[in-house]
Amino acid sequence: MNLLFSFLLSYPLAGVLKRVPDARPEQKNLFILSVSIFYLVGLFDLWDGLRTILISSLGSYAIAKFLRGSPYMPWVGFVFLMCHMSVNHIARQAANDPHSVDITGAQMVLVMKLSAFCWNVADGVLPEVELSDFQKDRRLPELPALLDFAGYVFFFPSLMAGPAFDFAEYRRWLDTTMFDVPVTVDPSRKPPTRRKRRIPRSGTPAMVKLLTGALWLVVFLKLSPTFYPEVLSEQRFLEHGFVRRLLIMYMIPLTARTKYYGVWTMTEGACILTGLGYNGIDPATGKVSWDRLRNVSPWEVELAQNTRAYLGGWNINTNSWLRNYVYLRVTPRGKKPGFRATLATFTTSAFWHGFYPGYYMSFVLASLIQTVAKNIRRYCRPFFLDPKTQAPLPSKKYYDVLSWVTTQLTFSFTTTSFLVLSFSGSLQAWARVYFYAVVGTFASMAFFASPAKPHLRRMLEQRAARASVVLLQQPAKSAAAAPAVAKGQKTLAPPTTTADADGMHRTVSSDSLSSAVSREPILGMSSDLQLDFDEALSEIKAEVHARKVKTDALKKAA
């Protein structure tokens, strides 16, 4: 109740913060600090939590300041933050009190913010030509003042549960440059503000988020007395038939997600009310976008028909942090991310969540599921699309329904261990539904490792070739058809083919499907374990060969 009260209290306090004069950023910082200390000490009696935040933040600031010129600075900051958080994760796990409010949730958000801060400072000393557009946007050429940094760390609407954001965004909000109207926007379409304030009116979108979050929490309160993780270990669970068990296992993670939907939506709404959720103006309509700090897309998760959509709509800010400050950072400049980047991202995501065995069971199984889903999308989905136009065939709706059911039931099974937490408890819950997702995943992997995969390839190639022949044999358009073309109707060109590394000729269709599935891991989970494994073997062989060549050269020199 205290936690929920802090989320609700953030709304009127955010309204007060928004009314602090734009010309007095120091007053904004002091107000933020006062409110956050009241939350930590006054509401939750977290003196240890306040100390934890001070250690992490001051330690990161000192590392960024005194090691600023070192290329190892962001890595030192990252290791420091992760180790500090790991100690608290272990302490929380040892205490085993799920009803207590501790600081690890806030610290997880803080690790994202402070590790990103170290990288932004490191980017500030590099030439801009060496930076990506994202790095140029977030780089910090100068170390910020301590008061500004403190306001960033203790920003109260997102202190306990997020969302996370970068210091460059906070600074633009603080000095109001975030709200500069682009020259491409008609001045008459400038969003309305009050008096001399530059922050656009944000009360309506904030209240929509508040009400939406409150509705999600009502759903959680209604469902949680019936669908809670302990149900899976109760004797009465075995009294139900298999289909009923599947439905219960589907409902338990869904119920847990509604809690996060509610909390994250409410905290996002408080950030919107302060103005920090501002994300620009549509030049055509003048409509303001307030989704800068969106952390979850509930309907994208619940209606997902594939693993990438499911994971992509969940914990969006964490996924962005893993991508921009882990996955792309472990890759040397000028090279493409590979196995090492994926492994580093997976390890970071796992350690960031904590050390319960159930977390790792979910991560490993989800990575295997993603590999299977990629193969299904590449080798099965095209049969439900027109080979000439790539438009959905009438049978596509059955594929979509089956994909949705499979995705939801598979991830309900997978995320169960994330809620049960213990190894034995997770195995027991999985065993009571006969390990259906594990069996299905490994059966699918065996299928695509068999001659069935090359057979599907040949079928797709033959299908595309027949479509090409039909198109090439079509007679030229008659004069009567010319007016239709003149009105903007496009003629279809035969699909082009290219040869890939294994000699297989791909159509534009198969290329588009393969490119649609990004190599980047989602939430640290590999999207193609087979490719990562092959790359790992190649890297090991290359390393062994290089060492052998070096050894032989030394022997010859001796």
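Below, each value reflects all heavy atoms present in this structure, side chains not excepted, and no hydrogens, waters or symmetry copies.
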Inset, instruction - Kindly indicate, with the supporting measurements, whether the criterion side-chain hydrogen bond (donor to acceptor under 3.5 Å, both in side chains) is fulfilled by Ser417 and Ser362. - result: CA-CA 6 Å; Ser417 65; Ser362 291; 2.6 Å; yes

Inset, instruction - Using a strict cut-off of less than 4.0 Å between a Lys/Arg side-chain nitrogen and an Asp/Glu carboxylate oxygen, indicate whether Glu268 and Arg294 qualify as a salt bridge. - result: no

Legend entry - Donor-acceptor pair, side chain of Ser426 and main chain of Ser422, under 3.5 angstrom: yes

Legend entry - Pair Phe351 + Phe355: ring centers closer than 6.0 Å: yes

Legend entry - Side chain Gln390, main chain Asp386, donor-acceptor under 3.5 Å: yes

Inset, instruction - Please check if the side chain of Trp290 supplies one atom and the backbone of Ala206 the other of a donor-acceptor pair under 3.5 Å. - result: no

Legend entry - From Asn306 atom CG to Thr406 atom OG1, the distance as rounded to the nearest 0.5 Å: 11.5 Å

Inset, instruction - Using a cut-off of 6.0 Å, state whether more than 12 heavy atoms not belonging to Tyr436 lie near its atom OH. - result: yes

Inset, instruction - Verify the ring-centre separation between Trp264 and Trp314: is it less than 6.0 angstrom? - result: yes

Legend entry - His240 backbone acceptor or donor facing Arg245 side chain under 3.5 Å: yes

Legend entry - Cationic N near anionic O, under 4.0 Å, Asp48 to Arg51: yes

Inset, instruction - Pick out which of Tyr325, Trp321, Trp119 makes a side chain to side chain donor-acceptor pair (under 3.5 Å) with Asp166. - result: Tyr325

Inset, instruction - Measure up the Trp216 and Trp299 rings against each other and bin them: parallel (under 30°), tilted (30 to 60°), perpendicular (over 60°). - result: tilted

Inset, instruction - Answer yes or no: is there a donor N or O on one side and an acceptor on the other, between the side chain of Ser450 and the main chain of Phe447, under 3.5 Å? - result: yes

Inset, instruction - Measure the spacing between CG of Leu9 and OH of Tyr11 and express it to the nearest 0.5 Å. - result: 12.0 Å

Inset, instruction - Please round to the nearest 0.5 Å and tell me the distance separating atom OH of Tyr310 and atom CD1 of Ile522. - result: 14.0 Å

Legend entry - Over 12 foreign heavy atoms within 6.0 Å of CZ, Phe442: no

Legend entry - Whether Phe155 and Phe165 hold their rings parallel, tilted or perpendicular, with breakpoints at 30° and 60°: perpendicular

Inset, instruction - For the residue pair Arg381 and Tyr399, confirm or rule out a side-chain donor-acceptor distance under 3.5 Å. - result: no

Legend entry - Whether over 12 other heavy atoms sit under 6.0 Å from Tyr398 OH: no

Legend entry - Donor-acceptor side-chain pairing of Thr104 and His89 below 3.5 angstrom: no

Inset, instruction - Determine, using ring centers only, whether His353 and Phe418 are less than 6.0 Å apart. - result: yes

Inset, instruction - Could you give me the CA-CA distance, side-chain angles and deciding distance for Ser320 and Asn324, then say whether side-chain hydrogen bond (donor to acceptor under 3.5 Å, both in side chains) is met? - result: CA-CA 6 Å; Ser320 177; Asn324 293 312; 3.2 Å; yes

Legend entry - Check: Phe413 ring centroid to Tyr250 ring centroid under 6.0 Å: no

Inset, instruction - State whether the side chain of Thr407 and the backbone N or O of Gln305 hold a donor-acceptor pair below 3.5 Å, judged by distance alone. - result: yes

